[in-house]
Number of protein chains: 2
Amino acid sequence: MDTADKDNAPAKELNVWIVEDHPSYRKSMVFLLNSMDGFNCEKDFEDVESALDELKEGKPDIILCDIDLPGMNGVAGVAAFKAVYDDIFVIMLTVHDEEEYIFNAICAGADGYLLKSTSEEELNRSIMEVVNGGAPINPRIAHKVLKMFSTFAPKQDDYDLTEREQEVLKLITNGKTKKHVAAELFLSFHTVDYHLRNIYKKLQVNSRTEAVAKALRERII
Amino acid sequence: MDTADKDNAPAKELNVWIVEDHPSYRKSMVFLLNSMDGFNCEKDFEDVESALDELKEGKPDIILCDIDLPGMNGVAGVAAFKAVYDDIFVIMLTVHDEEEYIFNAICAGADGYLLKSTSEEELNRSIMEVVNGGAPINPRIAHKVLKMFSTFAPKQDDYDLTEREQEVLKLITNGKTKKHVAAELFLSFHTVDYHLRNIYKKLQVNSRTEAVAKALRERII
DNA sequence: GATGCAACTACGCAATTACGTGGTATTATA
DNA sequence: TATAATACCACGTAATTGCGTAGTTGCATC
């Protein structure tokens, strides 16, 4: 076998499949890929189901997959492909830049997310990035991802917990009882109790359940 | 005029500032930027503080900012810059690809996240992407962002909790006692107790703290 | 030297929890 | 008709929790 070093092993072509229901766009993608150095598009499909079928016979390195498809959609497709071969790279290639789609595709395990307006040069680069462990994302989409990310995200208010209190909270959050925490931190039960009371006061709660919930939801620990 | 892309305002140069403590790297960045068509790097700083100072006099279009800096770090810097002018674009330019840094930078409002190994051509493209509302992210970092993102994702494994159990778990997670849950769901204390036991069994835990932690961490509820 | 603060220890008690064990009613599926 | 699954109710007990109260120690600031 030829050892694929770094980026440019000359011999080994990357095998790319395309799943796309619009015949003309699909054809042009196939043509484009085959005309690009280092890529080989030997199979193309109009739906996820037939691609899955063909996956029984053999696997590509990469699947470029549309989202809007008849039957199973592309997002479900990603999960399905990865269920068969978990080392297949799947890049979403779509016109959708709605948060809903992006979010779902990412969660389904897509390795990249490109818009159909992607240039040949960018497509080429993106595929190489995926193969090298990166995740090419169209910047416009990346922007949305970042925005989504920061809304999920926590404003990091640590409620002025002291280091000790954070230690205790962490262990409590991991399900330990006060007794266990005491043993683990070489403290007396009463000391842990003392810290926990202060934690409650600072977080403005009055049960360990609320404290744990707050700590996890706001990523305090 | 040169290449006419869509948003090509005639000959308006983009003013870029650099915040970077390593003198040699900073100098070479300045030189690089000034040699690139369409960019103008008129000011460079060795720390966030002096950049903030200068921001009182005038603003750039874009700030390229390191993370590891003496004094205020780059992540705090992003927030500080945006607090002065919220339309400044800030791109993190760093060697760090640890999740911690990425996460914090994104949450602080960074518009892009590039590694210092970024090529001239890529830097050029990235700046243009930012100005056009995109978010250039190094693919290796994007990969981590996606991975982080999918941990936020709705868990597939809901541990086969019944609807009732989910109701109970939700209330418990919100800090209610069994007594309260019973009152809220018009059940007896014992019934809530019963459901909770089943929840523990299904989640394979044996305390409400662990159950809450698992529920929140895996987004079951 | 006084003051404050974080960290630590301690006792007691009511409330709550975890869990073993005993039931019943309804509904869907074999 | 049997049986499993879900939801429901109940008793008792040991363990744990939440919290009022009352101390000591070390260290830094004033």
Side-chain angles (χ1 to χ4, degrees), chain A residues 154-221, chain B residues 70-72 76 154-221:
Chain A
K155 6 94 213 198
Q156 268 213 347
D157 201 351
D158 65 354
Y159 294 90
D160 287 319
L161 295 185
T162 65
E163 240 174 88
R164 252 308 191 236
E165 285 160 359
Q166 291 190 36
E167 279 182 286
V168 171
L169 181 54
K170 181 159 202 148
L171 292 172
I172 289 293
T173 303
N174 288 338
K176 314 267 178 168
T177 65
K178 285 190 270 196
K179 202 153 66 171
H180 288 148
V181 174
E184 202 150 330
L185 298 181
F186 303 104
L187 298 174
S188 104
F189 170 86
H190 302 289
T191 305
V192 175
D193 182 72
Y194 158 78
H195 287 306
L196 205 44
R197 293 184 206 205
N198 290 332
I199 292 170
Y200 288 178
K201 202 173 292 175
K202 289 182 180 178
L203 298 191
Q204 301 187 69
V205 300
N206 39 29
S207 79
R208 94 209 278 104
T209 307
E210 289 177 284
V212 167
K214 198 154 189 169
L216 286 175
R217 283 204 247 254
E218 305 190 14
R219 299 200 147 56
I220 295 173
I221 39 78
Chain B
M72 192 186 295
K155 239 309 196 155
Q156 313 146 3
D157 195 356
D158 64 353
Y159 294 90
D160 288 318
L161 295 186
T162 65
E163 240 174 88
R164 252 310 192 233
E165 286 160 358
Q166 291 190 37
E167 279 181 286
V168 172
L169 182 54
K170 181 159 203 148
L171 292 172
I172 288 293
T173 303
N174 288 337
K176 314 266 179 168
T177 65
K178 285 190 269 196
K179 201 152 66 170
H180 287 148
V181 174
E184 202 150 332
L185 298 182
F186 302 103
L187 298 173
S188 103
F189 170 87
H190 303 289
T191 304
V192 176
D193 183 73
Y194 158 80
H195 287 306
L196 205 44
R197 293 182 206 207
N198 290 333
I199 292 170
Y200 289 177
K201 202 173 290 174
K202 289 182 180 178
L203 299 191
Q204 299 187 69
V205 300
N206 38 33
S207 79
R208 96 208 277 103
T209 308
E210 290 177 283
V212 167
K214 199 156 189 168
L216 286 175
R217 282 203 248 255
E218 306 190 12
R219 300 205 143 49
I220 296 171
I221 39 83

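In what follows, chains carry the letters A, B, and so on, assigned in the order in which the sequence lines appear, proteins first and then strands, with residues in each chain numbered from 1.
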query: Separation of B:Lys201 atom NZ from D:dA7 atom P, in whole Å?
result: 14 Å

- prompt: For the helix from C:dG1-D:dC30 to C:dA30-D:dT1, what is the angle between the axes at its two ends, each from 5 pairs, rounded to 10°?
  reply: 40°

task: Among C:dC8, C:dT9, D:dT6, find the nucleotide with the atom closest to the side chain of A:His190.
output: C:dT9

query: Salt bridge between B:Arg164 and B:Glu167, side-chain N to carboxylate O under 4.0 Å?
result: yes

query: Looking only at side-chain N and O atoms, does B:Thr191 come under 4.0 Å of OP1 or OP2 in D:dC9?
result: yes

Nearest non-hydrogen partners of A:Leu196 and A:Arg208, listed with the distance: CD2-NH1, 3.7 Å

message: Are the side chains of A:Val192 and A:Leu185 in contact, using a 4.5 Å heavy-atom criterion?
response: no

message: Looking at A:Tyr200, I'd like to know whether one of its side-chain N or O atoms comes within less than 4.0 Å of OP1 or OP2 on D:dC19.
response: no

Residue-level proximity of residues 164-187 of chain B to DNA chain C when a heavy atom falls under 4.0 Å: B:Thr177, B:Lys178, B:Lys179

message: Given 3.5 Å as the limit, does a donor-acceptor pair link the side chain of A:Lys214 with the main chain of A:Leu203, or not?
response: yes

Atom-to-atom span, CG of B:Asp193 to P of D:dG12 - whole angstrom: 15 Å

- prompt: By a strict heavy-atom criterion of less than 4.0 Å, which residues belonging to residues 203-215 of chain B are in contact with DNA chain C?
  reply: B:Asn206, B:Ser207, B:Arg208

- request: With rounding to the nearest 0.5 Å, note down the distance linking CD in A:Gln166 to CG in A:Asp160.
  value: 10.0 Å

query: Minimum heavy-atom separation for B:Ile220 to B:Leu169, with atom names?
result: CG2-CD2, 4.5 Å

- prompt: To the nearest Å, how far apart are A:Phe189 CZ and D:dC19 C1'?
  reply: 11 Å

Nearest-0.5 Å distance that lies between atom CD in B:Glu163 and atom CD in B:Glu165: 11.0 Å

- request: Return yes when atom NZ of B:Lys176 has more than 12 non-hydrogen atoms of other residues, nucleotides or ligands closer than 6.0 Å, and no otherwise.
  value: no

- request: May I have the distance from B:Ile199 (atom CD1) to C:dT17 (atom P), rounded to whole angstrom?
  value: 13 Å

query: Do the side chain of B:Arg197 and the base of C:dT21 come within less than 3.5 angstrom through a donor-acceptor pair of N or O atoms?
result: yes

- line: Smallest heavy-atom separation, A:Gly175 atom then B:Thr209 atom, equals CA-CG2, 4.1 Å

query: What's the CG-C1' distance between A:Leu196 and D:dC19, to the nearest Å?
result: 11 Å

A:Glu218 versus A:Tyr159, side-chain donor and acceptor atoms under 3.5 Å: yes

task: Kindly give the heavy-atom pair with the smallest separation between B:Ala211 and B:Tyr200, and that separation in Å.
output: CB-CE2, 3.8 Å

field: Spacing between B:Leu161 atom CG and D:dA5 atom P, to the nearest angstrom
entry: 16 Å

- request: Among C:dC8, D:dC11, D:dA7, find the nucleotide with the atom closest to the side chain of A:Tyr194.
  value: C:dC8

